[in-house]
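Down below is the structure, laid out as structure tokens.
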Amino acid sequence: MIISWNTTQACNIKCLHCYRDAGTKRSDELSTAEGKKLLSEMAKAGFKIIILSGGEPLIRPDIYELISHARSVGMRPVLGTNGILITDEVAVKLKEAGLARAGISLDSTDKKQHDYFRQCEGAWEQTMRGMEACRKAGLPFQVHTTAMNWNESEITNITDLAVEVGAAAHHVFFLVPTGRGKEIENTTLKTAQYEALLERILDKQAEVSIELKPTCAPQFMRIAKQRKMEMRFTRGCLAGTAYCVVLPNGDVHPCPYLPLKVGNVRDTAFDVLWRESSLFHDLRHEELKGGCGRCGYDKICGGCRARAYYYSDGDYLAEEPWCDYGR
């Protein structure tokens, strides 16, 4: 199982799509001691991989201590970062702390497009330097790309760039309109483009040795099954079933894009919330509605629950809006 902790709301840039609307640190963020307690409770609940993200997690001065603690309780710590703050020294410290892999965001091969999307002049160059710092330190890293209508044609070109710079994987995140992402909803990939890009990503997987994984596009599991492709993944959407997120202040949500509060780890131990939440129970056991309940692939796909919630006016069990299969 895999879990995310948005360790801080603070960020050094102001990306147009940010699901957390990051920028300024919250006054009620979990302390180092509370963070260590949380990590221990996550391990107790059975989680094996912890994604430390933000905001920008490298802004937290205790990030190395948190990484080390995650290791000490038997978890595999990975980082979600824009890469700008990864210098040669930082990469070495991350590796020494026990970081297993850094996920670094890159949204275009065009420097100006990436910098505009990230709202930071020079971001592309600094991000690429961060990747090189990881490579030199022997710290594995992967490239994260948000797919939208303006960059979908170059997604597999970014894969080629990821291979060229030594990345271990390329994960493609399909935009879900939440946080600041609501303001650019018109850039989301709709049905035909959505499906076509998934097909292209799976085609590309046959050409490259690094792992390609669509995220927030669970239909890739259905397409892989139809193609009889071997996949190490067991399900597309993991929200509330084998994944959830903890916000900077300790609130627990089923995923970063599904803004429904399960509880807060300051009030209830995380492992108890994971075990006893009625919302998690629904996501694990209730039948999905519409096409998602009829298509025959609900057990391995699940439809994006966050996208269903957004486009159905709040029904997290509704059908995935941008998939025609089963309708």
Side-chain angles (χ1 to χ4, degrees), residues 1-11 19-20 22 25-81 94 96-103 178-179 215 233-235 237-286 302 305-306 316:
M1 297 195 301
I2 185 169
I3 189 167
S4 295
W5 173 23
N6 297 148
T7 59
T8 182
Q9 195 88 352
C11 194
Y19 61 81
R20 196 54 64 220
K25 178 183 176 180
R26 294 179 57 139
S27 61
D28 59 352
E29 293 181 0
L30 298 179
S31 66
T32 303
E34 289 173 321
K36 287 182 174 181
K37 177 175 179 288
L38 170 62
L39 291 167
S40 297
E41 291 168 356
M42 288 173 171
K44 182 179 179 181
F47 287 91
K48 302 301 182 186
I49 301 174
I50 170 67
I51 305 169
L52 300 166
S53 64
E56 174 49 59
L58 290 174
I59 289 178
R60 276 194 73 129
D62 61 354
I63 192 65
Y64 307 104
E65 188 176 352
L66 295 171
I67 290 168
S68 295
H69 184 76
R71 275 289 189 191
S72 74
V73 295
M75 299 180 79
R76 183 174 187 262
V78 299
L79 200 69
T81 172
L94 289 170
E96 291 176 345
L99 190 71
R101 185 177 291 187
T178 188
T215 298
F233 312 106
T234 57
R235 182 178 166 89
C237 181
L238 302 177
T241 63
Y243 174 76
C244 69
V245 63
V246 180
L247 275 57
N249 70 333
D251 285 348
V252 179
H253 289 188
C255 91
Y257 313 99
L258 185 52
L260 294 173
K261 180 179 174 180
V262 170
N264 187 286
V265 299
R266 284 186 170 123
D267 302 323
T268 307
F270 172 79
D271 52 302
V272 175
L273 289 173
W274 179 251
R275 185 174 64 248
E276 298 181 0
S277 162
S278 58
L279 175 55
F280 287 158
H281 180 276
D282 286 351
L283 290 167
R284 293 165 191 168
H285 304 295
E286 289 296 318
R305 295 300 92 217
Y316 53 84

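- Contact check for Arg60 versus Thr32: side-chain heavy atoms found under the 4.5 Å cut-off.
- Residues Lys48 and Arg76 form no side-chain contact, since every pair of their non-hydrogen atoms from C-beta on lies 4.5 Å or further apart.
- Nearest heavy atoms, Cys255 versus Ala239: CB-CB, 4.0 Å.
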N/O donor to acceptor pairs below 3.5 angstrom from side-chain atoms of residues 276-283, sequence neighbours left out:
unit_1	atom_1	unit_2	atom_2	d
Ser277	OG	Leu279	N	3.2
Ser277	OG	Phe280	N	3.1
Asp282	OD2	Tyr316	OH	2.7

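- Shown here for Lys25 and Thr8, the closest heavy-atom pair between the two residues is CG-OG1, 4.2 Å.
- The shortest heavy-atom contact between Ile3 and Met75 is CG2-CE, 4.1 Å.
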Pair up each side-chain donor or acceptor in residues 50-59 with any protein partner under 3.5 Å, not counting sequence neighbours, and list the distances.
unit_1	atom_1	unit_2	atom_2	d
Ser53	OG	Asn6	ND2	2.9
Glu56	OE1	Thr81	OG1	3.0
Glu56	OE1	Asn82	N	3.0
Glu56	OE1	Asn82	ND2	3.1
Glu56	OE2	Leu58	N	3.1
Glu56	OE2	Thr81	OG1	3.0

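- Between Asp28 and Arg266 there is a side-chain heavy-atom pair separated by less than 4.5 Å.
- When all heavy atoms of Leu273 and Val262 are compared, the pair lying nearest together is CD2-O, 4.2 Å.
- Under the rule for a ring pair (Phe, Tyr, Trp, His ring centres under 6.0 Å), the partners of Phe47 that lie at least two apart in sequence or sit in another chain are Phe270, Trp274.
- Closest heavy-atom contact between Arg26 and Pro248: CD-CB, 4.4 Å.
- One distance of note links CG of Leu79 with OG1 of Thr7; it measures 8.0 Å at 0.5 Å rounding.
- Taking CG of Leu30 as the start and CH2 of Trp5 as the end, the distance is 5.5 Å to the nearest 0.5 Å.
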